[in-house]
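As a basis for the values below, the full set of heavy atoms in this structure was taken, side chains included, without hydrogen atoms, waters or symmetry mates. In this text the structure is predicted, and so the values were computed from the model without any measurement.
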Amino acid sequence: MSNVWKVGSRWSSCGSAESCIINIFRRSGYVFVGTKGEQFHKAVRINDYIAIADGFTIMAVAKVLDEHPTDLCDLILQGRIKLRDSDYFSASNPEEYRGSCYGIRVHIVDLDEGERFQYKKQGTFFAANQIWDKVIQLYENGVSQKFNIASGTYRLRKTRTEKDSARYPKYDLLNSSSFYRVPIYQREYSWSEEQVGRFLRDIFIGFWGAESNQIIKDPLFIGTMQLSQRRFVSEHESEQDIIDGQQRISTLLCLLKYLSVQYPDTPCMKLFQFNWLETQVNNGKEDYLLRKLCSLMDVNSLDEHSPNVYIRNAGIIKSIFQQSITNDDGSINELFSIDIFLEYLLNDIYFVVVETVAGLSKTIQIFNTINTAGLDLNGDDLFKVRFYEYLHDKCGASEDAFNNIGEVYKRIKAINEEWRITNPNEGYDVVSMASVRDAYKDYIISKYDLNNGLYQMATDTFFECMFDILLNIQAHKDKSFGANVLSVSLSLEDLNRVVDCVADWNRSGYMTPDQLISYKLIEKSRYSRYCRVVYLLLLNGFSMEQVYSILKPLSRVYLCHSVYNSKVINEIHTFTFHLEKRIGSGQSFEEVLQFIKQKLDDAKEWAGHFRKWIFGNRIWQDLICCLSAYLDEIENPELNIYELNDKLSWGYDIEHIHANADGSMEVAEEQLGLQNSIGNLVLLEYDINRSIQNIPFEQKVNRSDGKLCYRDSKYASIAKIRKNKQWGIIEMQHRLENEYNRIVRFIWD
């Protein structure tokens with residue numbers, strides 16, 4: 001049975017509120033268990049629970065994710081504890097903590113105000129199994145991603161003495177106890193001079209109108225902000241993530257910072273510190289730039305040409321602000337008063353703030369509903385956010401996990417850049433995140449034996465539903481996934497393996513004509529989506545040679561079923577799903593191959609269908625004519641595989657060697673099947689086919705007017721056909737029997 005431990009967050013000798021380090025716990029995903037001389041930390045084990053207290057109040061609960069605690073000194077040196085200059089602990093000399101304290105990785109669930117409870121027993125760390133039921137219940141409720149939403153009207157900070165309307169209450173955004181964080185998945189602060197200028201000019205228009213001739217202090221609404229639920233650092237301090245509104249709130253900070261250094265003696269500016277905003281974007285680089293702005297004390301340091309976007313925009317604000325309060329002759333507008341302007345700025349600039357209690361996915365969904373501009377996240381972007389949410393919330397990974405996922409995306413870009421440099425004539429990438437997600441989806445379904453129907457589910461929908469289930473957001477979807485979904489374990493290691501397999505396959509190229517036609521037949525069949533079975537084979541340890549050995553009979557199966565049926569049939573979906581399950585379950589190469597060969601043997605009864613009328617059905621004519629052309633091309637001992645790939649891939653039409661419209665011969669109705677069979681159909685270059693149209697056979701072979709004809713074709717099949725002096729029923733029948741026999745031998749020999 002798991003134990004429950006109480007961890008105190010006040011780490012000064014007197015237990016003062018100023019020494020609370022819940023923010024370090026939350027930021028790092030670690031709690032400190034035990035101090036020098038105590039041995040309790042040795043008893044903490046994975047899946048134990050933690051009640052995190054500030055004083056006597058339990059502020060958060062957590063679940064232990066590691067087997068054993070680690071010395072705090074080592075955690076700092078390894079970068080797993082995120083310390084800042086303003087923290088109670090300092091990272092300047094980690095060795096001073098050697099042996100004095102231990103940390104263990106946890107998943108923390110912050111408690112709402114109504115959930116927090118009193119536990120009046122002093123101590124930094126001790127067993128607390130007497131509150132076992134309460135802690136477990138609060139933790140399980142927290143990870144089940146409960147949902148709530150609230151909204152209110154906010155200003156920056158009230159400085160007026162008059163009372164607000166009871167019916168329309170206003171709340172302070174900057175109230176000295178609320179702190180805001182730009183989460184790691186957001187984009188950088190990036191407002192341009194145009195956006196900053198428009199924002200500041202709107203404020204001045206609200207302050208004294210477009211003509212600057214009277215102070216009107218017209219209330220200004222600057223949009224909706226979306227914040228996460230409050231996470232309490234102490235009883236009186238809370239943190240919230242900024243889901244929407246980063247650009248505006250960051251620009252307001254730049255404005256307030258400028259005003260603080262331009263007018264340092266203004267009374268209300270002394271109310272403000274500049275530690276209320278931090279950003280996790282770019283692994284701390286963005287926050288470093290923000291802190292540089294906040295530390296400046298000289299207005300001349302606000303440079304509108306600075307490479308630091310925060311300092312640059314503060315410099316732009318300085319320039320626009322001075323222009324806005326200056327007359328044409330360079331004097332200050334006599335109506336301007338910094339005290340009156342600040343009073344307007346703090347009291348009359350309004351936001352509507354929406355607070356959401358929800359998981360990351362639901363939070364983003366709410367944002368996109370509120371804001372039609374959205375986060376502009378496509379399927380690949382959402383996968384990154386959801387994967388981070390899974391690693392952070394489910395697996396207890398630190399916030400570095402987002403950057404680690406980002407490294408996978410960077411790897412994909414680097415692989416493609418290297419490929420294009422070394423293969424300048426190839427106009428394609430060898431790997432994309434979309435293809436990686438497709439392959440990863442099949443891998444997960446096969447490995448964990450999920451329901452077969454999921455193979456046909458769109459990849460975006462699959463991952464959306466699966467993450468919902470794994471994060472306990474919508475557990476009712478388990479039924480469509482099967483009970484095994486709860487055993488699914490995702491990892492960056494597997495994701496990187498998928499990237500490698502996709503890239504390796506697409507870089508490999510065809511070594512033999514047989515390899516080429518095996519892949520081409522699948523690609524041109526009704527079941528082309530299953531080309532990606534190659535990724536599953538590679539992911540499960542099959543060699544490239546074994547992959548092609550499997551593709552050879554598999555391509556024949558898809559060929560037969562595509563020619564026998566005029567549409568996609570469930571039988572082949574089911575067959576393929578069983579095949580992928582066999583691959584995912586670890587069956588041997590021989591077992592997988594035998595399963596496919598049995599299906600191919602079963603298709604022998606349909607051999608006669610390769611004689612039938614194929615023109616008019618794009619799949620039939622493309623498959624059979626390409627295969628016929630391939631069988632002619634490989635008779636050339638000097639065959640170039642790259643030219644063969646081109647010939648079978650693009651730039652061709654399906655040519656009727658004899659067409660009724662040429663007027664040379666009437667084909668009886670009962671012989672139309674022959675005219676529209678492989679006996680009379682052949683691949684021909686698109687431009688040649690357009691040139692000859694329906695002229696008689698003799699002119700198709702050799703035209704006296706110099707226009708394109710059969711003699712200009714590079715196809716081996718056309719070279720054979722143009723040896724004939726005429727083309728009629730006998731020639732069609734002869735070619736049909738010859739091509740039919742060759743195709744049957746190709747498939748089943």
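No more than 12 heavy-atom neighbours from other residues, nucleotides or ligands sit within 6.0 angstrom of CD on E113. At most 12 heavy atoms of other shown residues, nucleotides or ligands fall within 6.0 angstrom of atom CD in E493. Dense packing is recorded around CD of E426, with more than 12 heavy atoms of other residues, nucleotides or ligands lying under 6.0 Å away. When the shell of 6.0 Å around CD of E96 is examined, it contains more than 12 heavy atoms from other residues, nucleotides or ligands. Counting non-hydrogen atoms of neighbouring residues, nucleotides and ligands closer than 6.0 angstrom, the CD atom of Q456 exceeds 12 such neighbours.
Looking only at side-chain heavy atoms (C-beta outward), Y30 and L75 come within less than 4.5 Å of each other. Counting only heavy atoms from C-beta outward, the side chains of D460 and R437 approach each other to under 4.5 Å. L490 has its side chain within reach of M466: a pair of non-hydrogen atoms, C-beta onward, lies under 4.5 Å apart. In this structure, R10 and D54 have side chains that are in contact, with non-hydrogen atoms separated by less than 4.5 Å. Between Y409 and M433, the closest side-chain pair of non-hydrogen atoms falls below 4.5 Å. By the 4.5 Å heavy-atom criterion applied to side chains, K384 and Y185 are not counted as neighbours. Contact annotation: the side chain of T356 approaches that of Q226 to within less than 4.5 Å [non-hydrogen atoms, C-beta and beyond]. Between F589 and I550, the closest side-chain pair of non-hydrogen atoms falls below 4.5 Å.
Although no hydrogens or angles enter the test, the distance criterion places a donor-acceptor pair under 3.5 Å between the side chain of E286 and the main chain of Y189. Between the side chain of D287 and the backbone N or O of Q280, no donor-acceptor pair lies under 3.5 Å. For R45 (side chain) and N3 (main-chain N/O), no donor-acceptor pair under 3.5 Å exists by modelled atom type. Judged by distance alone, the side chain of K63 and the main-chain N or O of I136 form no donor-acceptor pair under 3.5 Å. Within the 3.5 Å criterion, the main-chain N or O of V431 finds no donor-acceptor partner in the side chain of S435. Here the side chain of Y519 pairs no donor or acceptor atom with the backbone of C531 at under 3.5 angstrom. Of the possible polar contacts, one joining the S2 side chain to the N47 backbone as a donor-acceptor pair under 3.5 Å is found. With hydrogens and angles ignored, the 3.5 Å screen pairs a side-chain donor or acceptor of T422 with a backbone N or O of W419. Remark: side-chain polar atoms of Q186 are not paired, donor with acceptor, to backbone N or O of T279 under 3.5 angstrom. With N451 contributing its side chain and G453 its backbone, the two residues share no donor-acceptor pair below 3.5 Å.
No hydrogens or angles considered: a donor-acceptor pair under 3.5 Å links the side chains of Y455 and S446. Defined by atom type and a distance below 3.5 Å, a donor-acceptor pair is missing between the side-chain atoms of D438 and Y535. In the model, E464 has no side-chain atom that pairs as donor or acceptor with a side-chain atom of T461 under 3.5 Å. For the residue pair Q247/Q195, the side-chain donor-acceptor check at 3.5 Å is not satisfied.
Closest heavy-atom contact between T224 and D244: O-OD2, 3.3 Å. Here the shortest heavy-atom pairing between I81 and I24 reads CG2-CG2, 4.1 Å. In terms of heavy atoms, V488 sits closest to Y390 at O-OH, 3.9 Å. For the pair N416 and V430, the tightest heavy-atom approach, listed with the atom from each and the gap, is OD1-N, 3.0 Å. When all heavy atoms are compared, the tightest approach of D380 to A434 is OD1-N, 3.6 Å. Nearest heavy-atom pair across V281 and E188 is CG1-CG, 3.9 Å.
Aromatic ring pairs are classed by plane angle as parallel below 30°, tilted from 30° to 60° and perpendicular above 60°; the pair F462 and F481 is parallel. Ring geometry, F387 versus Y440: the interplanar angle falls under 30°, so the pair is classed parallel (tilted spans 30 to 60°).
In this structure, the separation between CG on L77 and OG1 on T70 is 12.0 Å, given to the nearest 0.5 Å. Between the CZ atom of R497 and the OG atom of S491 there is a distance of 8.5 Å, given to the nearest 0.5 Å. Going from atom CG of L173 over to atom CD of Q240 covers 8.5 Å, rounded to the nearest 0.5 Å. Separation of atoms OH (Y310) and NZ (K257) is listed at 14.5 Å; rounding is to 0.5 Å. Once rounded to the nearest 0.5 Å, the distance linking CD1 of I415 with NZ of K410 reads 14.5 Å. Note: D110 CG to L138 CG = 12.0 Å, rounded to the nearest 0.5 Å.
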- prompt: Checking side chain to side chain contact (heavy atoms under 4.5 Å, CB included) for the pair I444/F463: CA distance, chi angles, key distance, verdict?
  reply: CA-CA 10 Å; I444 292 167; F463 281 111; 3.9 Å; yes

field: Worked verdict on D500 versus R411 for salt bridge (charged side-chain N to carboxylate O under 4.0 Å, His left out)
entry: CA-CA 10 Å; D500 290 335; R411 275 194 69 223; 2.5 Å; yes

CA sep, side-chain torsions, deciding dist, call: Y428, N506, side-chain hydrogen bond (donor to acceptor under 3.5 Å, both in side chains): CA-CA 10 Å; Y428 61 90; N506 291 322; over 6 Å; no

message: Would Q229 and D112 count as a side chain to side chain contact (heavy atoms under 4.5 Å, CB included) here? Give the steps.
response: CA-CA 8 Å; Q229 70 185 98; D112 292 338; 3.3 Å; yes

- request: Evaluate the criterion side chain to side chain contact (heavy atoms under 4.5 Å, CB included) for residue pair V33 and V64; output intermediate values, then yes/no.
  value: CA-CA 11 Å; V33 291; V64 176; over 6 Å; no

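Between D429 and R420 there is a salt bridge, with a side-chain nitrogen of the basic residue lying less than 4.0 Å from a carboxylate oxygen of the acidic one. Salt-bridge annotation for D468 and R386: present, with a side-chain N of the basic residue lying under 4.0 Å from a carboxylate O of the acidic one.
The distance between the ring centers of F125 and F32 does not fall below 6.0 angstrom.
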